[in-house]
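All figures in this text were calculated on a predicted structure; none of them were measured in a lab. Side chains are part of it too, since the values below use all heavy atoms of this structure and drop only hydrogens, waters and symmetry mates.
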Amino acid sequence: MGNLNGDEGGDEEKTSFPREIGKKISPWDPVGNPHSRRDPSGDGDGDVDENPSPHGDDNSILVPIPPITIPAPLTPQILLLVKSFHLTTIAPSPSSKRSPPAKSPSTTSTVIPLAAAPPSPSVKPPPSLYQGSPSTDAIMYVEQIHLAGSRFDHFCKMGSVREEKLKFCIDRGGTFTDVYAEIPGQSEARVMKLLSVDPANYDDAPIEGIRRILEEYTGHKIPHASKIPTDKIEWIRMGTTVATNALLERKGERIALCVTCGFRDLLQIGNQARPKIFDLTVAKPSNLYEEVIEADERVELILDGEVDSSVKGISGELLRVAKPLNEEALKPLLKKLLDKGISCLAVVLLHSYTYPQHEILVEKLALNMGFRHVSLSSALTPMVRAVPRGLTASVDAYLTPVIKEYLSGFMSKFDEGLGNVNVLFMQSDGGLAPESRFSGHKAILSGPAGGVVGYSQTLFGLETEKPLIGFDMGGTSTDVSRYAGSYEQVLETQIAGTIIQAPQLDINTVAAGGGSKLKFQFGSFRVGPESVGAHPGPVCYRKGGELAVTDANLILGTLIPDYFPSIFGPNEDQKLDIEATRDEFKKLAEQINSYKRSQDPLTKDMTVEEIALGFVSVANETMCRPIRQLTEMKGHETRNHALACFGGAGPQHACSIARALGMSEVLIHRFCGILSAYGMGLADVIEEAQEPYSAVYDPESILEAAHRETILLAQVRQKLKGQGFTDESISTESFLNLRYEGTDTAIMVKAKGEQPSENDYALEFVKLFQQEYGFKLQNRKILICDVRVRAIGVTNILKPQSLEPVSWAPKAKGHYKVYFEHGWHETPLFKLENLGFGHTLAGPAIIMNGNSTVIVEPGCRAVITKFGNIKIEIQSSPRVTKVAEKVADVVQLSIFNNRFMGIAEQMGRTLQRTSISTNIKERLDFSCALFGPDGGLVANAPHVPVHLGAMSSTVRWQLEYWGDNLNEGDVLVTNHPCSGGSHLPDITVITPVFDNEKLVFFVASRGHHAEIGGITPGSMPPFSVSIWEEGAAIKAFKLVEKGIFQEEGITNLLQSPYIDEASGRKIPGTRKLQDNLSDLHAQVAANQRGISLIKELIEQYSLGTVQAYMSHVQINAEEAVREMLRSVAIRVIRQSGNSDENDSVTIEEEDYMDDGSVIHLKLTINAEKGEAIFDFDGTSSEVYGNWNAPEAVTSAAVIYCLRCLVDIDIPLNQGCLAPVKILIPSGSFISPSDRAAVVGGNVLTSQRITDVVLTAFQACACSQGCMNNLTFGNDSFGYYETIGGGSGAGPSWHGTSGVQCHMTNTRMTDPEIFEQRYPVLLHRFGLRENSGGNGVYSGGNGLVREIEFRRPVVVSVLSERRVHAPRGLNGGKDGARGANYLVTKDKRKVYLGGKNTVEVQAGEILQILTPGGGGWGSPL
């Protein structure tokens, strides 16, 4: 980070920070001209000659030219005389030959530095210039001086000036507010940086910035209590984090939610998934609303073939109003809200996206009763899916009043002329909006969007033709985005734990920045995700903080105290504390070196600098992961991009990150420290409109879509015209949101032609789908979901100007020691304002660019471009990077952990985007992993916990089975439990990888196929008693042999029916063969992606090194688990009163399945060695049912529990099980025969094993202990879901209600999608009140789900905890047992038990009540 004060010396002048950090910048001045402001001495070196400024603490003037002093009062003509003059009030200039008149209360002296050029020798100052009032000859003199060096397109004439006005671009960030102002008559822009919150000095930072700059410009004081005059302001553009901060800190407006009756808990439940799968507390973001009221109304979609009175919705879908809105019943509910002081309301009613009338009636009623603000989901985002639409309405209701209050306060600070000023605010989609149209749900990414606009509009096409990766590194997080000629937008994202459905730029945030904590744990370096924050901040901030990335940069010399403001210490006047930072690193070095010596007595100690560089390398790798995800998830090669780097800390890391990603080019804008503010001036005004349209894509629907598009375009055009735009300045874009039938993956397709008839949306959709997902879906209908239009009011405000090449060599301002990979380097420091177009700097070099420090690493080369930006050419990495192999290098261990996990994650993303099934693509029921040549797990991306560690058994079984009969180009497929599988729907695809004909590693992917055959649709039969009743069972088959896909062979295995020899009964094969084949192709593609990434790793490090670190990461995980086991054993020993903490401890625990089968665990922990034996002897025998669980499932449950108990981010690999021995009695129902039915073991027994293990460790009470599996369908379709319940309470936390627990984390289908795709009505989906066990900490509540079937279907329920309740712990009460009922057509309520299959008639209702979690601690 550079000198935030902006003074030239960096260490001499006093700063006014933290209230203001300001400087004067000339963005487009030619450099090297002898008459340039940057070279006033005329020596051609572009440097500012040393000459102390006479201005004291005024940091706005860069060039200390002897000034001309004109005693006030000054006329407006003088104040506006020369565009390039900067005016400021100071003491009389010593250059005056005659003493100025004595000051009086009404007189000040004003200095006009002649920034344009030094006085021409032929022009002499007239005497009247130094007298009491300006005269004609004084004005002529100023004009002559201006003309002597003028480079501007217009100049002043004697006695009259064409008045121009100021233009402000402002980014109000969380910590700092950046102000960029264009000053009339000057090519120099004024930049100011203020603390966003500084109540001792001002109320509002943007207002303060405008006030100060106006004072400088006019020379008149503007008191804080006075209104800001607007006569000198042309426009103001601003981005603000007011909405973001209110959402993060939960400081929005008090609001209530109005929802359809039966769905009061819909938004709290969301999609059921828990945010962090290893977090036993299941911490979820709090609700934004305080109260919920239910509207008595219901709209139902008409099924095909139904004959009924119907209404056509906006989307074209037919519907019936089954129950009109009961306004009389709603009035008292609204009245109660007002009585409680709640006057803002969010409304989401089912199917309001197509029938908004009921929501409109609620709004009218609420406003008439006195509500201040009502947010309708149908008006904000008229798209199908009630949960994200409702969450968006909640966000809008929660934030819009806060935004409006802030904007009202902001606007009120100006005088009555504000109506003549164009004031616009940046939205999350990268467009601007007037104050009246700036709302909460579109304001979340207001600031970051400015940065994306800034780099995209100034770098792409001007500095490079490569697509750009935006890299904005801040203090606590880093934002990553992509630009390749158009803004990449998403329609839905999650921010602060809340889903927001609205057009917004695709900006990905990773929790790594300058404030990320540095730790050494279990033999490896760890960076983040925790942050030290601004207070106390890093160690160097002198506030007693912890080591952070900023401290590491300070040690390395990439952060230079001379160019950092002296704002630290008790009096906020000290520099960064490098001594304290070094002391803390020395302490850490002792810990690290002690550990290293314990591993290898001959090892060399690491220096403080090596440790700091190691942490920076790990931080860089952490930030590389989201960049790889952003590009490769969409089918783009990361290396083909250029890195557009901005933000305070980013340019320090740019070279390293680009090199790690294989990029050859880094671009750093000259305004990189304020690029979000600058981007405001480059943005256009955007108006959008969208409406749902549900139809099959065909000629008739295209005409209807074009008609809707025309109407919407007229609406958005009119909105822009109302803001003063002409037809010539308005451009438009049209989109159709399309998807394939049977999938949930929609793509917003942009029109290519001017007229609707010129557009083939379907052709473009197929092209985009194949680009992003890697395949086409043949013979599938394309469906239209939405029509969207966008109108752009082009503003053309800020335009870059090119510079003239320089002829003089760059001159360093000094030299500093910087530590790079091979040691210390004496590194020259340059200031960007002293560099010009064509200057080339070979690394290592430092470039101070305003508030940012740009590090040019050795071997790289920086070039100043014709637009004054910095382009760094990156030297490629050496072909092979050598690192220690025998003993793990503690830095490389962390990097390899990241790389291995990143490979598994990217495999998962490839599988998700190339699959077609809802289970994999939407519910995320899959896992991907990487294995060593022995089949040992190296990295398993944490997708579904029940798959954790289980695939290693599968790979090892196949390795033993095939032996030497594995060849390059082979791909294996299996799903049989006896060969390491879990249950038949989970198909595993394994690819062995060879190097020089030697087997070197494996990659594998496991996905849940919704249909695999068996006695019921959906392949989850409740009453199966043998494996062949559950579908196709494959022990070992080469899906691909020597590169050829064996479609005929796999088709026969999947489709051939099984014939029971005893009964002759024929059990069908798969009912969805094409879906199976498509998903198998996706799994092969995912494996291939993993292979490519590993080969890149081998190319960089060598095969020997990669395989060595495969082993090292397993040892690292083993140490973490051993340490956890030691701590648990010591805790238990102490609780038992035993004084010998090196002793062993034995714990026994058991629990029951609903049929009475027992799971018994004898857990023995050796405290000294950190080892454990999980002995399941005493567990019941194999059952005549389907809740038998293969051994791999038990291993997965144990590894999941251990990972939860470790409670730090260790890699998931075989090492977790190394200090653990699992003993399972053969023939028990957790080690059954190969003929046993097992479909329920994966989804039911796995949950009970988890409860037993966690209870033994006294970690938490039992959770719902079930996945509540529901399948229904007929010969034409099948549907499968798992239903959440209550999680168990713990020693310091309450259980969470309505959430997926432990061994699953799959998502729930949205109610509107559920009713749109299937013949059902969802009557209720909510929390089951009082079902959680009482205690000091209560268990979470289960769920209630009521489904009416509108067509005859076969329904299967597979559930547990209907007999034995989830147990409480330490005196806590048990959670409620679950229950399943069928309400028949004659209104009988029939109990179905825990497992059943029933043929349901139209009009019958299924009720599922899921269990609650157990409580912790004896209740009072």
Side-chain angles (χ1 to χ4, degrees), residues 273 275-278 469 478 480 482 494 506 508-512 526-529 618-638 657 660-662 772-774 894-915 920-931 937-945 947-949 951-952 988-989 991 993 1001-1007 1082-1097 1106 1109-1110 1113 1117 1199-1200 1203 1209-1213 1216 1305-1307:
K276 298 177 181 178
I277 64 172
F278 302 117
I469 294 294
T478 297
V480 175
R482 182 177 183 272
Q494 186 166 318
D506 190 2
N508 294 264
T509 300
V510 59
R526 303 185 186 278
V527 178
V618 174
N620 289 342
E621 180 57 37
T622 302
M623 292 182 285
C624 284
R625 279 170 72 176
I627 296 176
R628 294 190 185 102
Q629 294 164 12
L630 178 71
T631 52
E632 294 167 10
M633 177 67 179
K634 296 182 179 179
H636 307 293
E637 281 287 339
T638 307
I657 286 175
L661 293 168
E772 185 157 343
Y773 301 116
S894 299
I895 290 173
F896 272 101
N897 268 334
N898 269 297
R899 294 296 292 271
F900 290 146
M901 189 61 74
I903 290 169
E905 288 172 349
Q906 288 193 58
M907 289 174 64
R909 287 181 175 84
T910 301
L911 177 54
Q912 184 185 357
R913 73 183 182 85
T914 57
S915 65
I920 295 176
K921 188 177 288 292
E922 304 300 329
R923 296 181 61 247
L924 309 184
D925 195 349
F926 66 87
S927 286
C928 295
L930 165 68
F931 305 85
L937 179 64
V938 174
N940 193 149
H943 297 115
V944 178
H947 296 164
L948 296 177
M951 278 193 285
S952 181
T988 305
V989 173
T991 306
V993 184
F1001 58 88
F1002 292 89
V1003 289
S1005 55
R1006 175 173 287 178
Q1083 289 179 259
V1084 172
N1087 289 2
Q1088 191 58 45
R1089 180 61 186 155
I1091 293 168
S1092 300
L1093 293 170
I1094 291 250
K1095 286 188 173 180
E1096 286 180 16
L1097 207 57
V1106 172
Y1109 277 86
M1110 283 184 173
V1113 298
I1199 198 172
Y1200 165 77
R1203 173 60 184 83
D1209 189 17
I1210 64 169
L1212 295 163
N1213 60 45
C1216 293
N1305 201 34
T1306 55
R1307 302 177 181 184

Take V1084 and T991 through the test side chain to side chain contact (heavy atoms under 4.5 Å, CB included) and record every step on the way to the result. CA-CA 8 Å; V1084 172; T991 306; 5.7 Å; no
Side chain to side chain contact (heavy atoms under 4.5 Å, CB included) between F931 and M951: does it pass, once the steps are laid out? CA-CA 9 Å; F931 305 85; M951 278 193 285; 3.7 Å; yes
State, yes or no, whether a side-chain contact exists between [X] and [Y] at a heavy-atom distance under 4.5 Å.
X    : Y     : value
V993 : K1095 : yes
M907 : N1087 : yes
L930 : M1110 : yes
E637 : T631  : no

Qualifying residues under salt bridge (charged side-chain N to carboxylate O under 4.0 Å, His left out), relative to R1089, sequence neighbours excluded: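 Scan of R1089 (salt bridge (charged side-chain N to carboxylate O under 4.0 Å, His left out), adjacent residues dropped) gives E632.
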Could you go step by step and tell me if I657 and I627 meet the side chain to side chain contact (heavy atoms under 4.5 Å, CB included) rule? CA-CA 10 Å; I657 286 175; I627 296 176; 4.2 Å; yes
At what distance, to the nearest 0.5 angstrom, does [atom1] of [X] lie from [atom2] of [Y]?
X     : Y     : atom1 : atom2 : value
T910  : Q1088 : OG1   : CD    : 10.5 Å
I1094 : F1002 : CD1   : CZ    : 12.5 Å
L661  : I469  : CG    : CD1   : 8.5 Å

Holding to side chain to side chain donor-acceptor pair (under 3.5 Å), I want the full list of residues that pass it with [X], two or more places apart in sequence or in another chain.
X    : value
R625 : N898, E905
S894 : none
E621 : R628

What residues, two or more places apart in sequence or in another chain, satisfy side-chain contact (heavy atoms from CB on, under 4.5 Å) together with D506? E488, V490, N508, L630, K634
Using the side-chain contact (heavy atoms from CB on, under 4.5 Å) criterion, which residues pair with K276? Sequence neighbours excluded. D279
Check for a donor-acceptor pair, side chain of N1213 on one end and backbone N or O of A1117 on the other, with a separation under 3.5 Å.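 Here the side-chain-to-backbone pair does not exist.
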For C928 versus A904, what's the shortest heavy-atom pair and its separation? CB-O, 3.7 Å
In terms of ring plane angle, is the pair F896 and Y1109 parallel, tilted or perpendicular, where the classes change at 30° and 60°?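 Ring orientation, 0 to 90° scale: parallel.
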